[in-house]
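Atoms within a ligand are numbered from 1 in the order they appear, just like the ligands themselves. The basis for the numbers below is simple: all heavy atoms, side chains too, and nothing from hydrogens, waters or symmetry mates. Remember, predicted model here, so these are calculated numbers, not experimental data.
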Amino acid sequence: MIYPRIIAHRCGGALAPENTLAGLNLAARLGCRGVEFDVMLAADGVPVLIHDETLERTTSGQGRVADASSAELAMLDAGSRHHPAFAAEPVPTLEEALRRCTALGLWANVEIKPSAGQDAETGRAVARLAAAAGGKLLLSSFSSVALRAAADEAARLPRAVLVGAIEADWRERIAAAEACALHCAARDLAVARLEDVRAAGFPLACYTVNRRDDAERLCAMGVSAVFTDRPDLWTASEM
Ligand code: G3P
Ligand code: MG
């Protein structure tokens, strides 16, 4: 698995509304080669880009994502909470986002983010759609159930196990998902675990790293990539 070194977190990082097409456009304009975004199922089973299980923090809507249809979500404003300049920016579907990534030449880390109790169906739906879309992408999830369902649906799509701290069971979790990489929280990274993961031949990517010096330190330690809200801290040739 070849990672872009710097991956824009939630599409464009902190510079655009999270998990939107505007974020993807901005990431590409900054020269990013890779982006990460979160995907959950709407009430009608359509995978859409959103981080929280509820709508209030990032959109003009209210209630649970899992209770809103994709048509209802498409009417919401997912831009104004970030800045009025992004008013009327919609909640994109995964299909729209992957199409935009392909058009912009962006590698995508699709994080499967199931609503409570929807792990398997979210993993399946995301993998099915991602496999059909093609493009340069990697699936990841905190949910072992979602990753396993994605593996069963589209075995050839690369997968990464996503964790906070790397616990003692990391090898088993990678094996269960037939994953090719591990993603972990930078703040919880233990050097001994990093060395074990690297010795086993698995790339490690860390979230969320918003300072250049922290990213450089992690890369010098052998971390392959960092997720950042501040892709503007790097030039295009550095990413
Ligand atoms: O995929 C890395 C990172 O996005 C995981 O945390 O909460 O920002 O989705 P979160
Ligand atoms: Mg994420």
Kindly give the cluster partners of I50, where membership spreads through any ILVMFWY side chain lying under 4.5 Å from a current member.
-> M40, V46, V48, L55, V65, L73, L76, V91
Ignoring hydrogens and angles, tell me if any N or O in the side chain of [X] forms a donor-acceptor pair with the backbone of [Y] under 3.5 Å.
X: E36; Y: R10; value: yes
X: E89; Y: A22; value: yes
X: R159; Y: A150; value: no

To which protein heavy atom is [atom] closest, and what is the distance rounded to 0.1 Å?
atom: atom 5 (C) of ligand 1; result: E111 OE1, 3.4 Å
atom: atom 7 (O) of ligand 1; result: H51 NE2, 2.7 Å
atom: atom 8 (O) of ligand 1; result: H9 NE2, 2.7 Å

Number the atoms of ligand 1 from 1 as they appear, then name those within less than 4.0 Å of a heavy atom of [X], with their elements.
X: E36; value: 1 (O), 2 (C), 3 (C), 4 (O)
X: R10; value: 7 (O), 8 (O), 10 (P)
X: K113; value: 7 (O), 9 (O), 10 (P)

Roughly, to 10 degrees, what angle do E36 atom OE2 and D38 atom OD1 form around the Mg ion (ligand 2)?
-> 110°
So, E167 and R193, do they make that salt bridge, N to O below 4.0 Å?
-> no
Taking only Lys NZ, Arg NE, NH1 and NH2, and the carboxylate oxygens of Asp or Glu, determine whether R148 and D152 approach each other closer than 4.0 Å.
-> yes
Atom nearest to the Mg ion (ligand 2) - E111, N, O or S atoms considered | OE1
When rounded to the nearest 0.5 angstrom, what is the spacing between CD1 in I166 and CG in D196?
-> 9.0 Å
Pick one of side chain, backbone, both or neither for how D38 approaches ligand 1, counting any non-hydrogen atom pair under 4.0 Å.
-> side chain
